[in-house]
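To start, the structure under review is shown below, and the notes come after it.
Residues: numbered from 1 along the sequence shown.
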Amino acid sequence: QMGDAKTAMRLASSLAQEFTKAGQAVQAARLLKKLTPEGKLYNAQRLVDRLNNNENKPKGQKNIAIDEKLATDLLAAQTEQEIEAAEEAIKQNIADQIVSTKMDKWNAWRYLSMLGNPKTHTRNVLGNAIFVPARVFKNGIKATLEKGYAANHKDYVRTTTVSKPTEAQFKAAEESFERNAKHLSSGGNYRFESELESKQTIFKNKVLEGARKFNNKALEAEDMFFLKRAYKDSFARYLRANNIDPAKATAEQIANAENYAQNEAWKATYRDASKIATAFEKFSRTNKGTKVFFDAILPFRKTPINILARGVEYSPVELLKAVTYDAAQVKNGKMEAQEMIDHISSGLTGTGIVALGAWLASLGLVSGGDDEDKKLQNFEELQGKQNY
C-alpha cells in the first residue's frame, strides 16, 4: 500500500519459498505475479548476489551480472505479457552465465539415460491415465457424501458435484489454468534457483543438450496434459457445487476454487507436497557425501513417494483411518470435515478396487506373481498368459 516494492518483493519471495500448504502457496504466487517490474528486478538481483557470494561456487565461475539492456526492458515493460517476457529474458541471461560442473554433467547424463527410454514415457503416460478413473470414481463418492453432510451442516462448503458445470464455469476454469499454469507446473516450488536449473545449458554438445531438453519437455508435456484436465474439472465442479456464477464471484471464492483445484491436480499427477520427500531433500543437503549417496539410491524423491502415498490413500487402510482417527480429529476441531470426507472417499474407492481385484482373481481372470510349477508357468507364458 505504501508503494515499497522492494520490501514487498522480499517478503513475498521469502513467503513463497517457506509456504508448503496449497492455499498459502497459491496466494504467495499471486503476490509475486502482481508485483511491479522494479520488484521483479530486485528479486533477480538478490539471487545474483547470493550466487556471487556463494563460497562453494564452481571453479572458474565468474561473477554474474544482469544485462543492463534487459534490466531496462523490464523496467520499461507495461503489459503483463511484456513484463513476463522481460523477466524470462533476465532469467535466461543469468542461467547462461552459470558454469555447469562435472557433477551437473554426470547427473544430467544419468537422468537422460533413465528418463530418455521410450518405456519411461509410456509408463509416465499410463501411470497418469490409470489414475483418472480412480479419481473420477472417488469424486462421485465424495460428491454424494458432501451433499448428505451439507444437508445437516449449513456452513459446510462443498468441493465437488456429479452435476455438469455450466459453459461459463468451464470457461472460468480454462482462464484460471492459463493464469496459474506456471505455478502449477512447478508443483508449488517457487525457488528462483530451480527455474534457472531448467534454463541452464549443461552440455556443450548441441545434439546431447538438445536431447536432454527435448526429453525434459516431453515428460513435462505428458504430465501437463493430465494436470490441466484435473485442474479444470476440479475448478469447474467446485463452482458448480456451490452455485457460484464466475461473473459474480468474489476474489475469495475464486481463490478457494483455485486452491482446491491445484491440490487435486497435483495429486492426480503425483506432484503434491510431500513431507517425507522434503525431509529427504533437506537431509541430503547436509553435506556433499550425503547428497551423492541419496542421488545414487533415490535420484527422484517426490514422485515415487507420492505414488506410494496414493496407494495407501486408495486402500482399506485409508478408510479405516478416516472413520476412526480422522473422525476423532474432526470432533476435536483439529481437522476440517472436508478433509475427512476426502479420505473416506479415497478409502472407499480403494477398497472397491481391492474387492474387484479379489473377485477377478477368484474367476481366474487376474493372477499375481509366479506360479510355483515352473513348467506350467512356462507353458502358460508360451500361450500368451501374463501376470497381473
Side-chain angles (χ1 to χ4, degrees), residues 29 40 43-44 47-48 51 57-62 64-67 70 73-74 81 83-129 177-178 180-228 231 265-266 269-271 277 281 291-292 294-296 298-304 306:
K40 291 179 182 293
N43 191 42
L47 172 65
V48 168
L51 292 172
K57 61 184 177 183
K59 187 179 180 181
Q61 176 68 64
K62 298 178 181 179
I64 297 168
I66 297 174
D67 184 276
L70 295 178
D73 290 343
L74 176 58
Q81 289 78 9
I83 293 171
E84 187 173 345
E87 185 184 19
E88 288 299 309
I90 286 178
K91 288 176 184 175
Q92 186 62 62
N93 174 244
I94 297 171
D96 290 341
Q97 297 177 63
I98 298 174
V99 174
S100 63
T101 65
K102 289 181 180 178
M103 184 58 76
D104 291 334
K105 289 181 173 65
W106 170 243
N107 282 331
W109 174 252
R110 287 174 61 229
Y111 295 159
L112 179 59
S113 300
M114 286 186 282
L115 303 177
N117 192 315
K119 283 185 179 180
T120 302
H121 290 273
T122 303
R123 286 169 179 163
N124 187 43
V125 172
L126 290 177
N128 283 316
F177 177 82
E178 294 303 325
N180 298 295
K182 187 177 177 182
H183 171 66
L184 290 164
S185 66
S186 71
N189 179 10
Y190 255 84
R191 286 175 59 244
F192 206 130
E193 292 91 329
S194 65
E195 290 192 54
L196 292 185
E197 289 167 8
S198 65
K199 296 177 182 295
Q200 188 181 351
T201 299
I202 303 297
F203 299 113
K204 290 182 180 178
N205 184 301
K206 291 184 178 180
V207 175
L208 196 55
E209 181 65 10
R212 183 185 74 87
K213 288 189 173 179
F214 175 80
N215 190 63
N216 290 344
K217 287 179 179 178
L219 287 168
E220 181 68 17
E222 289 158 11
D223 281 353
M224 288 301 288
F225 177 85
F226 293 96
L227 187 146
K228 181 177 182 179
Y231 182 90
W266 283 340
T269 50
Y270 314 106
R271 290 178 172 223
E281 189 62 34
K291 180 165 178 57
V292 170
F294 271 99
D295 284 348
L298 195 64
F300 313 106
R301 259 74 99 175
K302 183 183 277 190
T303 303
N306 280 342

What distance do [X] atom [atom1] and [Y] atom [atom2] have between them, rounded to the nearest 0.5 Å?
| X | Y | atom1 | atom2 | answer |
| --- | --- | --- | --- | --- |
| Lys91 | Leu47 | NZ | CG | 10.0 Å |
| Phe203 | Asp104 | CZ | CG | 9.5 Å |
| Lys213 | Lys199 | NZ | NZ | 9.0 Å |
| Asp67 | Asn93 | CG | CG | 5.0 Å |
| Ile202 | Tyr111 | CD1 | OH | 11.0 Å |
| Asn124 | Tyr270 | CG | OH | 9.5 Å |

Quick one: closest heavy-atom pair of [X] and [Y], and the distance?
| X | Y | value |
| --- | --- | --- |
| Ile90 | Ala44 | CG2-CB, 4.1 Å |
| Ile64 | Val48 | O-CG1, 3.2 Å |
| Leu115 | His121 | O-NE2, 3.3 Å |
| Ser185 | Met224 | CB-SD, 3.8 Å |
| Asp223 | Arg271 | OD2-NH2, 3.2 Å |
| Ile98 | Leu51 | CD1-CD1, 4.3 Å |

>> Restricting to ring-ring contact (aromatic ring centres under 6.0 Å, His included), what partner residues turn up for Phe226, sequence neighbours left out?
In response: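 None.
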
> Less than 4.5 Å apart, any side-chain heavy atom of Asn107 and any of Met103?
Replying inline: yes

>> Just so I know, are the side chains of Trp106 and Thr101 near enough to count as touching, which here means a heavy-atom distance under 4.5 Å?
In response: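 In short, these two side chains do not touch, never coming nearer than 4.5 Å.
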
>> Assess the residue pair Asn128 and Phe225 against the criterion (side-chain contact (heavy atoms from CB on, under 4.5 Å)); give the C-alpha distance rounded to whole Å, side-chain angles, the decisive distance to 0.1 Å, and a yes or no.
In response: CA-CA 9 Å; Asn128 283 316; Phe225 177 85; over 6 Å; no

> Side chain of Thr120, backbone of Gly116: donor and acceptor closer than 3.5 Å?
Replying inline: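 Not at all, since once roles are kept as given, no pair shorter than 3.5 Å links the two residues.
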
>> Please check: side-chain N/O of Gln61 versus main-chain N/O of Gln97, any donor-acceptor pairing under 3.5 Å?
In response: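 Checked: pair present.
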
>> Can you confirm whether Lys217 is buried at NZ, in the sense that more than 12 heavy atoms of other residues, nucleotides or ligands lie under 6.0 Å from that atom?
In response: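 Atom NZ in Lys217 is not crowded, with 12 or fewer foreign heavy atoms closer than 6.0 Å.
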
>> For a quick check under 3.5 Å, do Asn216 and Glu220 share a side-chain donor-acceptor pair by atom type?
In response: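 Absent: no donor and acceptor within the cut-off.
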
> Any luck finding a side-chain donor-acceptor pair between Thr303 and Asn306 under 3.5 Å?
Replying inline: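 On atom types as modelled, these side chains do not qualify, holding no pair under 3.5 Å.
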
> Would you call Glu209-Lys206 a salt bridge at under 4.0 Å N-O?
Replying inline: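 Salt bridge between Glu209 and Lys206, a charged N being under 4.0 Å from a carboxylate O: no.
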
